[in-house]
Structure formats: structure tokens, C-alpha cells
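Order of the sequence lines fixes the chain letters, A, B, ..., with proteins taken first and strands second; residue numbering starts at 1 for each chain.
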Amino acid sequence: MNTDMDKYFRALELNPGATPSEVNLAYRHLKELYEGESIALVPIAEDTERRREDILSEIETAYRELTGYFERRAVEAHSGMRSAAGGLSDEIARVERFDGPELLRIRSMLGAQLYEMELSTKVRAIHFDSIEQERYSKLPAPVFLRGYLRLYARYLSLDPERVVSDYMVGYQQWADKEGRRERP
Amino acid sequence: MALDDGHNGLAGMESEPSAHECKVWAVGGGKGGTGKSFITSSLGCAIAATGKRVVMLDADLGGANLHSFLGIARPKRSLTDFFDRKVPLKELITPTAIPNVGLVTGNLHSLDSDNIKYSQKIKLFRHIRALDTDYMLVDLGSGSHPNTLDTFLLADRLIVVMVPEITAIENLYHFIKNALFRKLRIALKSAGGEDTVLDTWHRRDKLGFSDFKGLVEYLCRTNADIAPAIMEVVDGFEVQLVLNQVRSRQEIKIGDSVRSVFWKYMGIHSVYSGFVQRDEGVLGAINSRQPFMFRSAGSACAREIGHLFENIEGRRSLSGLVRV
């Protein structure tokens with residue numbers, strides 16, 4: 001664990017292993033406390049404004065540093081995933097159309113699991129599965145479907161607009177056959 | 001030297017009492033009316049309900065009332081008999097309406113005397129620890145009399161009770177500051193620095209700091225020889241915070257705010273052990289001299305006291321807290 005970051009965790013009164021959402025919550029609570037007139041603060045802060053200013057700037061600095069630290073870590077993890085995929089970018093460049101089976105193929109090559117994607121994107125895995133299996137009748141209305149496709153694409157670092165326009169071709173063909181009109 | 005005789009300098013931190021020694025929990029907090037006696041007696045009931053034996057010590061200099069919370073009349077004998085007539089402590093324990101709970105009363109004469117030497121307090125504590133009981137709970141009452149502070153500092157758990165009122169919190173900060181000054185004074189006595197702390201504090205405007213944390217930083221910076229002793233006092237000091245008479249969910253987080261302020265302004269560790277909600281049944285229990293925990297055993301308030309006992313025992317903080 002990066003010990004430089006320890007002092008920032010301590011400034012937010014957290015343990016060094018705290019998660020980004022814990023950091024966010026602690027930052028909000030402490031900022032609210034030390035900017036406000038809580039009865040816990042007023043009796044002791046009356047004698048000194050300087051301490052309060054120091055505390056607030058310490059909290060801001062800690063939050064800024066920790067946010068940067070988490071972002072750097074996420075980028076490293078992400079590019080780690082990419083470089084591990086090796087010639088995958090060539091594979092992806094060769095794809096003619098991103099339909100269900102293609103998306104499934106790429107996801108498998110990247111080793112991404114549907115349940116992970118559900119945790120990250122908050123979209124239920126069954127929807128992604130229906131997309132891949134082209135169970136068009138089970139999919140939601142186009143406006144939602146496009147949103148799911150973009151989330152799916154971003155998770156796998158694919159071009160979201162390309163995935164949407166490719167996939168919707170197949171979806172539209174089915175919809176026309178079924179006599180459904182697409183709504184914007 | 002009498003000062004080091006049995007002196008458990010780092011209250012609650014260095015080591016837990018050994019198996020045959022009783023655990024001493026002191027309940028203080030500076031302001032009257034926050035419910036220290038209620039919390040002390042209720043914790044005692046919660047502990048006794050687990051099958052452990054509890055002796056309570058009523059050390060309230062403002063007037064001993066703990067017996068009313070425990071369902072009995074004021075005991076005739078008191079700590080005066082211990083100090084003056086050398087009666088063994090265990091003979092001063094009066095049974096109460098609660099199985100496994102006994103009571104020892106201090107009284108005004110014995111406890112607010114400035115003539116009780118520090119060595120006598122140490123002796124009392126040694127006898128307390130040797131008592132054949134599992135827990136001793138000390139109700140310190142309000143105020144910062146040296147005897148109150150010394151008793152507080154010698155305990156295994158330093159518990160303070162506050163309510164969500166600005167005056168109670170203000171008094172709490174005073175009380176803790178006084179306790180720390182007292183602890184520093186005792187620790188520095190052997191190094192000849194016991195007056196340094198107060199002198200430096202009184203000159204703080206000139207010296208450029210304004211709170212206890214500033215005092216500690218200044219002292220450590222300018223007095224390298226006593227810096228280790230000072231840091232040991234501060235690092236070894238831990239308070240268990242109890243927020244009583246809570247009336248709304250918004251008030252709960254005040255306990256955590258106080259914990260943060262202790263850290264940021266005084267540099268000391270505290271644990272927000274829990275809150276107890278305001279319950280109209282408490283007054284009825286007190287007035288009819290019946291232990292609340294018996295009368296209202298199923299109440300939310302009683303449950304909270306049960307959790308409070310567990311958290312204080314394990315030095316754990318209220319879980320799922322404010323980070324909600």
C-alpha cells in the first residue's frame with residue numbers, strides 16, 4: 001500500500017484500505033461538519049478560526065490527492081487489461097459488423113464476465129446476454145437498448161457509436177419483419 | 001516511589017486486566033443531567049444479564065443517587081469507612097434489587113476532600129482491582145475535581161456521556177481537557193515539568209497556538225526531553241463516547257462529529273460507542289425507584305444499551321454509522 005497516501009487517508013479519518021466511495025462519503029461528511037455550525041464544533045472552534053481553515057484545506061488536499069490516486073490506479077488496471085489482450089485491437093479492427101455473436105466473441109477474448117459488467121454498469125447481466133444472443137423480442141425499447149449497448153461497448157473499450165449503429169441494423173431488420181415501428 | 005506504585009499510566013490502552021482482575025469502567029463527562037447515573041446503572045444491568053458480577057461505585061461529588069437507580073435505599077456505609085476506618089472494600093458492598101449487582105457509595109466527606117493523597121487513590125484502585133467481581137462501574141458524576149479526574153484516568157474504559165446540546169458538549173471538551181492536563185501533570189512530575197504544561201497553556205496567545213493540539217505540538221517542539229512522555233500520554237488516551245437522550249436520526253451523527261473534533265482539535269483518539277434514545281419510561285422508572293432495564297426490557301432504549309455494553313467492551317464504534 002502506498003504509504004504516501006496514508007496521511008491523506010488519515011486526514012479523512014479513514015484506514016488506508018478505504019474504497020473510493022468511502023473516501024467520497026468521508027469527504028462530504030467532514031466538509032459539511034467543518035464548514036458548518038454543528039454544536040459539536042462551535043464550542044471549541046470559537047477561539048480559533050485558523051485551525052478550522054487548516055482543517056478544511058487539509059480535507060480538500062486529501063480528497064484531491066486520493067481521487068487522483070484512485071484514477072491513476074484505474075487507468076493502470078484498464079491499460080493492463082488492454083495490453084494483455086495483445087493483438088486483440090487488430091481483431092477488433094477487422095470486425096465488419098458488431099452483431100450479437102461478434103460482441104460475444106470479443107467479450108470472451110477479453111475475458112470479461114457478464115456479472116462483472118453488471119456490477120460495474122448496473123445493467124442486469126440478462127440484458128447483455130439477450131443482446132449477445134439476439135433475443136430481440138426480450139430486449140427493451142430502442143431508446144433503452146441503445147443505452148445498454150453504449151455501456152456494453154464502453155466497458156469493453158469499443159467505439160460506442162459504432163457498436164450501436166452496427167447492432168441496430170440487425171435489430172431494425174427484425175423489428176420491420178415484426179411490423180414494429182421504431183420510436184426515437 | 002508512591003507515584004509509580006501500581007499506577008496504570010496508560011488507561012485502557014496498554015493491557016487489559018488479567019483474568020482475575022476486575023475491569024474498571026469509569027463514567028464521567030462534565031455536565032450534570034446528561035444521564036451518567038442512568039447509563040452507569042443500565043450498563044450494570046446489561047452486564048449482569050450476561051451472568052457477570054458487577055459492583056457499582058457511586059463517586060458523584062454532587063450527591064450520591066445511584067442507589068435510587070438500583071432500587072434500594074441509600075447505604076449506611078461508604079468509602080469514608082475505607083479511608084478512615086480501614087474497613088475492607090468488600091464489606092462495603094450493598095446488594096441491590098438486581099442479582100449480581102452490588103453498590104458502594106462514596107460520600108461528600110470522603111470524596112471531595114483535597115486531603116486524599118494520590119497514593120491513597122492508588123491504594124483504593126488496587127483494592128478495587130482485587131475485588132472478587134468481574135466489573136466495577138464508577139459513576140463519577142459531573143465536574144472536574146482532581147479526585148474525579150484521577151479516578152477517571154485510572155480506569156480501563158474512560159466513558160463519557162453527552163447529550164445533543166451545545167452546553168453538554170462544551171462541558172465535555174472542558175472535562176477532557178482537564179483530564180489531559182491532569183494526566184500530563186502526573187506524567188511529567190518525575191521529570192520536574194509538571195508546571196510547564198499550565199504555564200505554557202496560559203501563555204498560548206503569545207506563543208501562537210490556541211487549542212490543546214497546538215499546546216502539545218509546541219511542547220514537543222521546544223522540550224525535547226519531555227516530548228516522549230507527552231506523546232505517550234496523548235497516544236495512550238482513549239475515550240468511549242456515549243450520546244444519550246437522542247430524539248431524532250439527525251442527532252445520531254453528533255457523536256461522530258464530536259469524535260472528529262477530538263481528533264482534529266485535541267489530537268486524541270475517541271470511539272463513538274453508541275447512542276441511547278430518549279425514552280419517556282426512564283423518568284417513570286427513576287421516580288418509582290425501579291431499574292429501567294427491568295421495567296422496559298423490550299424497549300429500543302434497552303436494546304441500545306445492550307449494544308453499548310458490547311461496543312464499550314470491545315472498544316468498537318457504532319457500526320453502519322453515519323457513513324450511511
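Rounding to the nearest 0.5 Å gives a distance of 3.5 Å between CD of A:Glu13 and OG of B:Ser260.
Between B:Ile169 and A:Pro43, the closest heavy-atom pair is CG2-CG, 4.3 Å. Between B:Val261 and A:Leu41, the shortest heavy-atom contact is CG2-CD1, 4.1 Å.
No part of B:Lys177 comes within reach of chain A, as not one of its non-hydrogen atoms sits under 4.5 angstrom from that chain. Using a 4.5 Å cut-off between heavy atoms, A:Leu33 contacts chain B through its side chain alone, with no backbone atom that close. There is no contact between A:Arg28 and chain B, counting heavy-atom distances below 4.5 Å. No part of A:Glu37 comes within reach of chain B, as not one of its non-hydrogen atoms sits under 4.5 angstrom from that chain. Contact annotation for B:Met162: neither backbone nor side-chain heavy atoms come within less than 4.5 Å of a heavy atom of chain A.
Within a 6.0 Å radius of CZ in A:Arg135, other residues, nucleotides and ligands contribute more than 12 heavy atoms. Enclosure of atom CG in A:Asn15 is not indicated, since only 12 or fewer non-hydrogen atoms of other residues, nucleotides or ligands lie within 6.0 angstrom. Remark: B:His174 NE2 is loosely packed, at most 12 non-hydrogen atoms of other residues, nucleotides or ligands lying under 6.0 Å away.
Considering only heavy atoms from C-beta on, A:Arg51 stays 4.5 Å or farther from B:Lys264 through its side chain.
Most heavy-atom pairs under 4.5 Å with chain A, from the set B:Tyr265, B:Phe209, B:Tyr173, B:Trp263: that is B:Tyr265. Interface check for chain B: of the options A:Ile44, A:Val42, A:Ile55, the most heavy-atom pairs under 4.5 Å are formed by A:Ile44. Among A:Ala40, A:Ser38, A:Ala11, the residue with the largest count of heavy-atom pairs under 4.5 Å with chain B is A:Ala40.
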